[in-house]
Protein chains: 2
Amino acid sequence: MPYDPSAFPPFAVTVDLVVLTVRRHSLCALAVRRGESPFQGRWALPGGFVRADEDLSQAAARELAEETGLRAHEPAAPAQDNGAHLEQLATYGDPKRDPRMRVVSVAHLALAPDLPAPRAGGDASNARWAPVEELLQHGGYGRDGEPVAPLAFDHAQILSDGVERARSKIEYSSLATAFCPPEFTVGELRRVYEAVWGVALDPRNFHRKVTGTPGFLVPTGGTTTRQGGRPAQLFRAGGATLLNPPMLRPEV
Amino acid sequence: MPYDPSAFPPFAVTVDLVVLTVRRHSLCALAVRRGESPFQGRWALPGGFVRADEDLSQAAARELAEETGLRAHEPAAPAQDNGAHLEQLATYGDPKRDPRMRVVSVAHLALAPDLPAPRAGGDASNARWAPVEELLQHGGYGRDGEPVAPLAFDHAQILSDGVERARSKIEYSSLATAFCPPEFTVGELRRVYEAVWGVALDPRNFHRKVTGTPGFLVPTGGTTTRQGGRPAQLFRAGGATLLNPPMLRPEV
DNA sequence: GTGTTTATCGTCAAGCAGACGACTATGATC
DNA sequence: GATCATAGTCGTCTGCTTGACGATAAACAC
């Protein structure tokens with residue numbers, strides 16, 4: 001049976017990125033300022049159209065590289081290099097989500113270690129790392145007193161879903177190491193959990209949990225004092241990707 | 001800036017459904033036989049094009065109703081009525097996944113109680129409930145000796161992802177009740193877990209766990225002997241949607 | 001009545017988590 | 001150099017949850 005173009009309505013397909021990192025003890029997301037209508041001048045999640053010959057994950061990795069310079073590695077591969085974790089999040093297709101046309105957006109979630117400065121096509125003033133609470137509180141004010149308008153389109157919903165995915169996934173997987181540099185200390189990993197969950201964790205119990213889980217952390221032999229205080233052992237992420245039993249998120 | 005149709009390539013967007021139920025102590029999925037090329041005569045997951053004015057979840061609910069007659073309720077709503085649980089699963093967009101054209105499919109996962117007979121547009125011979133292992137083992141043979149060809153398109157991958165989602169989600173949520181009728185016994189719920197996980201669970205420990213979790217099960221006051229043996233209390237699903245601590249899936 | 005089936009309650013030991021004391025090793029400050 | 005602050009690491013104790021499993025209860029089949 002030949003292909004009948006009239007049998008289906010045409011859609012534009014985009015990828016949007018929730019890029020999360022931990023900066024100054026708080027969970028931050030990458031936001032870019034829109035240069036075009038609609039929502040011109042408003043902050044939005046980075047993203048763009050999927051090309052005709054591209055897979056969705058390829059498109060997400062390309063957008064991630066364009067916005068941050070990060071290479072992505074697939075969920076299967078371990079976080080050995082300095083690339084970012086990238087996984088599909090969810091797809092958003094409300095008919096009215098883009099006033100111009102029918103757009104279906106496949107959102108992806110990227111987790112990266114603390115990065116230098118963002119770049120959006122070389123224009124730093126149009127991209128920034130912002131604490132997720134700041135991006136999600138509609139009508140509040142940012143650190144510099146600038147009024148924070150709601151994110152463009154349905155990006156607040158997407159960001160919220162991405163944050164929730166990250167919060168729940170570090171419970172039962174070793175994904176939190178994606179926020180860390182290749183070598184890190186137990187304390188640095190704990191501060192990642194504390195920033196993502198917004199809670200304080202007991203350093204002693206945390207240390208016992210992560211070092212007692214086989215395959216989670218592999219000591220590299222080195223130590224560091226970059227956090228001050230007593231030198232801490234350096235670890236790499238081990239091969240284990242699933243934490244069983246999971247890390248328990250304290251009740252809030 | 002006006003809308004420029006040349007700025008993006010057009011896609012067809014479909015929804016595919018992984019409809020799971022528990023029948024005769026085994027996890028089964030709904031499969032339909034394709035009447036058209038490509039993959040004519042092969043089994044596939046039910047699905048169809050998203051209409052021009054439809055949201056993705058609306059399209060999934062419409063397809064579900066067309067194939068099974070089930071009404072869907074959103075994840076937020078409790079499973080009070082006899083509808084099915086429906087949630088978005090993942091999106092598949094490999095450029096070559098459909099040989100005819102560029103199709104992005106937003107797969108959804110539906111969980112339903114054991115149903116009468118399937119109907120695919122009224123044609124029962126072209127729809128069936130099949131154990132998921134049977135649908136996933138490429139080149140095996142079904143119960144009736146009929147050779148089982150691999151599912152069409154990338155539907156084996158989609159089904160596999162849906163089964164894995166269901167298996168993991170009943171660990172930490174009350175989702176297993178979606179496989180049960182509105183009123184059910186602890187034993188029936190246990191057999192759901194056993195079928196989905198493919199393991200045997202201790203009836204006594206299971207009973208202690210589910211009845212000891214506040215808000216998980218609400219006794220209706222009634223009893224039943226439909227399973228034989230001593231009459232069992234009937235329960236409805238309680239308001240709790242998250243199980244904390246989770247039900248532990250035994251190592252296999 | 002006896003046996004079978006399923007449901008439900010109880011017991012016990014092992015393991016894990018939360019609370020928290022104690023000690024160690026560095027840099028900063030006086 | 002002594003003292004202090006900071007951060008890391010090792011233990012201890014208690015309570016809760018789990019897994020294994022014994023025992024009892026209430027139906028049906030014969």
Side-chain angles (χ1 to χ4, degrees), chain A residues 22 24-25 170-172 180 183-195 197 199-236 240 242-252, chain B residues 24-25 170-172 180 183-195 197 199-235 240 242-252:
Chain A
V22 174
R24 284 182 270 109
H25 213 281
I170 65 174
E171 283 189 72
Y172 58 90
C180 294
E183 295 200 353
F184 54 89
T185 70
V186 173
E188 289 166 346
L189 183 63
R190 175 170 50 81
R191 279 180 281 275
V192 164
Y193 275 89
E194 291 179 333
W197 283 346
V199 298
L201 299 176
D202 185 288
R204 296 156 291 188
N205 294 336
F206 184 87
H207 189 278
R208 178 181 59 189
K209 173 71 176 174
V210 297
T211 57
T213 301
F216 188 9
L217 297 183
V218 179
T220 65
T223 60
T224 183
T225 62
R226 60 187 168 215
Q227 294 295 335
R230 171 175 164 177
Q233 275 191 83
L234 283 170
F235 293 88
R236 282 185 299 102
L242 249 52
L243 252 51
N244 203 325
M247 181 92 57
L248 295 181
R249 172 158 35 160
E251 315 284 332
V252 182
Chain B
R24 284 183 268 107
H25 213 281
I170 65 175
E171 283 189 72
Y172 58 89
C180 295
E183 294 199 353
F184 54 89
T185 70
V186 172
E188 290 166 345
L189 183 63
R190 175 171 48 82
R191 279 179 281 274
V192 165
Y193 275 90
E194 291 178 332
W197 284 345
V199 297
L201 299 175
D202 185 287
R204 297 158 290 191
N205 293 337
F206 184 87
H207 189 278
R208 178 182 58 190
K209 174 72 176 173
V210 296
T211 58
T213 300
F216 189 8
L217 297 183
V218 178
T220 66
T223 61
T224 183
T225 62
R226 61 186 169 214
Q227 296 294 336
R230 171 176 164 178
Q233 276 191 83
L234 284 170
F235 294 87
L242 249 50
L243 252 52
N244 203 327
M247 181 92 56
L248 294 181
R249 172 159 33 161
E251 315 285 331
V252 183

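Throughout, protein chains are lettered first and strands after them, A, B, ... in sequence-line order, and every chain is numbered starting at 1.
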(request) Identify which nucleotide among C:dT26, C:dC16, D:dG8 has an atom closest to any side-chain atom of A:T225, counting heavy atoms from C-beta outward. (result) C:dT26
(request) Could you state the atom-to-atom distance from CZ of A:F206 to P of D:dA7 in whole Å? (result) 16 Å
(message) Side-chain N or O of A:K209 versus OP1/OP2 of C:dA17: is the shortest distance under 4.0 Å?
(response) yes
(message) Please report the distance, rounded to the nearest Å, between CD in A:E194 and C1' in D:dG8.
(response) 14 Å
(message) Regarding B:R191, tell me which of base, sugar-phosphate or nothing describes its non-hydrogen contacts under 4.0 Å with the strands shown.
(response) sugar-phosphate
(request) Send over the distance from A:F235 CZ to D:dG8 P, rounded to a whole Å. (result) 11 Å
(message) What is the separation between atom CG on A:D202 and atom P on C:dC16, rounded to the nearest whole Å?
(response) 18 Å
(message) Tell me whether the side-chain N/O atoms of A:H207 come closer than 4.0 Å to OP1 or OP2 in D:dT9.
(response) yes
(request) Confirm from the modelled atom types if A:R204 and C:dG21 form a donor-acceptor pair under 3.5 Å, side chain to base only. (result) yes
(message) Check the phosphate of C:dT6 against B:R190, side-chain N and O only, distance under 4.0 Å to OP1 or OP2. Yes or no?
(response) no
(request) Quickly work out the A:L201 CG to C:dA19 P distance and round it to whole Å. (result) 11 Å
(request) Check whether the side chain of B:R208 and the base of D:dG19 form a donor-acceptor pair under 3.5 Å. (result) yes
(request) Quickly work out the B:N244 CG to C:dA17 C1' distance and round it to whole Å. (result) 12 Å
(request) Say whether, by atom type as modelled, one donor and one acceptor occur between the side chain of B:E194 and the main chain of B:L201 under 3.5 angstrom. (result) yes
(message) Using a 3.5 Å distance criterion without hydrogens, assess whether the side chain of B:T185 forms a donor-acceptor pair with backbone atoms of B:E188.
(response) yes
(message) Of the listed nucleotides (C:dT26, D:dG19, C:dA7), which one gets closest to any side-chain atom of A:P231?
(response) C:dT26
(message) So does A:A232 get a backbone contact from the side chain of A:T223, meaning a donor-acceptor N/O pair under 3.5 Å?
(response) no
(request) Nearest whole angstrom, please: distance from the P of D:dC28 to the CZ of B:R226. (result) 15 Å
(message) Base of C:dT24, side chain of A:R230 - is there a donor-acceptor contact under 3.5 Å?
(response) yes
(request) Assess the pair B:Y193 and B:F206: is the distance between their ring centroids shorter than 6.0 Å? (result) yes
(request) Look at the side chain of B:V186 and decide which nucleotide, out of D:dA27, C:dC20, C:dT8, has an atom nearest to it. (result) C:dT8
(request) Compare the minimum distances between each of D:dT9, D:dA27, C:dA19 and the side chain of A:N205, then state the nucleotide with the smallest one. (result) C:dA19
(request) Find which nucleotide of DNA chain D each of B:P246 and B:G228 is nearest to by heavy atoms, and output the residue with the more 5' nucleotide. (result) B:P246
